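As the structure lists them, so they are numbered: ligands from 1, and atoms in each ligand from 1. It should be emphasised that the depicted structure is a prediction, and the values quoted were computed from it without experimental measurement.
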Amino acid sequence: MTNNRTFTMLKPDAVEKGNIGSILEKITASGFRIVAMKLTQLTVADAQSFYAIHKNRPFFPDLVTYMTRGPIVAAILEKDNAVEDFRTLIGATNPSEAAEGTIRNMFADSISENAVHGSDSDENAKIEGSFHFSEREMF
Ligand code: CMP
């Protein structure tokens, strides 16, 4: 992956509420190109590994339960300044603090069930994208 790419997941709450189409529309209307995408479901081992950085946080068990309870949409997105611009588009982790018009402001209910993930650095975008996709699944 190059530095103009980021990785996202539309989380189980977003999928359950039927918001895949609305969120993807907002993402593409904001200038992101979809490079890779799949509907999939994390195993407990997947979620524990993906969120290993949070393993000592009190919310970790609930985070793993939440992220494995149903399907997610995983995607790699391309745009100049992708990581930073996507984090601006999704808004603050806590939707009550997310700016008006951001994805979490519009579609998330709580800090724990916050609808979307966005990588926090170019390095993590590469690691997270490769966690879900092989090179031949990236366009
Ligand atoms: P995200 O930033 O995508 O990745 C880590 C996730 O942990 C975060 O989204 C939330 O889903 C969850 N999370 C972060 N902070 C808290 C918190 N204080 N309480 C509960 N869940 C949290």
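A salt bridge does not link Arg5 with Glu128: every distance from a Lys NZ or Arg NE/NH1/NH2 to an Asp or Glu carboxylate oxygen is 4.0 Å or more. Arg104 and Glu97 are not joined by a salt bridge, as no carboxylate oxygen comes within less than 4.0 angstrom of a charged side-chain nitrogen.
Nearest-residue assignment for atom 2 (O) of ligand 1 (options Glu113, Arg104, His54; heavy-atom criterion): Arg104.
Annotation for ligand 1: atoms under 4.0 Å from non-hydrogen atoms of Asn114 are 8 (C), 9 (O), 10 (C), 11 (O). Applying the 4.0 Å criterion to heavy atoms of His117 picks out, from ligand 1, the atoms 3 (O).
If you check which protein heavy atom lies closest to atom 6 (C) of ligand 1, you get Leu63 CD1, 3.8 Å. Atom 11 (O) of ligand 1 has Ser112 O, 3.1 Å as its closest protein atom, hydrogens excluded (heavy atom only). Atom 19 (N) of ligand 1 has as its closest protein heavy atom Phe59 CD2, 3.7 Å. Nearest non-hydrogen protein atom to atom 18 (N) of ligand 1 is Ile111 CD1, 3.7 Å. At the shortest separation from atom 9 (O) of ligand 1 among protein heavy atoms lies Lys11 NZ, 2.9 Å. Ranking protein heavy atoms by distance to atom 4 (O) of ligand 1, first place goes to Tyr51 CE2, 3.4 Å.
A cation-pi geometry, defined here as NZ or CZ lying under 6.0 Å from the six-membered ring centre and within 45° of its normal, does not hold between Lys79 and Phe86. For the pair Lys55 and Phe60, the cation-pi criterion (under 6.0 Å, within 45° of the ring axis) is not fulfilled.
No chain of hydrophobic side-chain contacts below 4.5 Å, direct or via other Ile, Leu, Val, Met, Phe, Trp or Tyr residues, connects Met67 to Ile111.
Pro95 is not listed as a side-chain neighbour of Phe107, based on a closest heavy-atom distance of 4.5 Å or more.
Atom CD of Glu123 has 12 or fewer heavy atoms from other residues, nucleotides or ligands within 6.0 Å.
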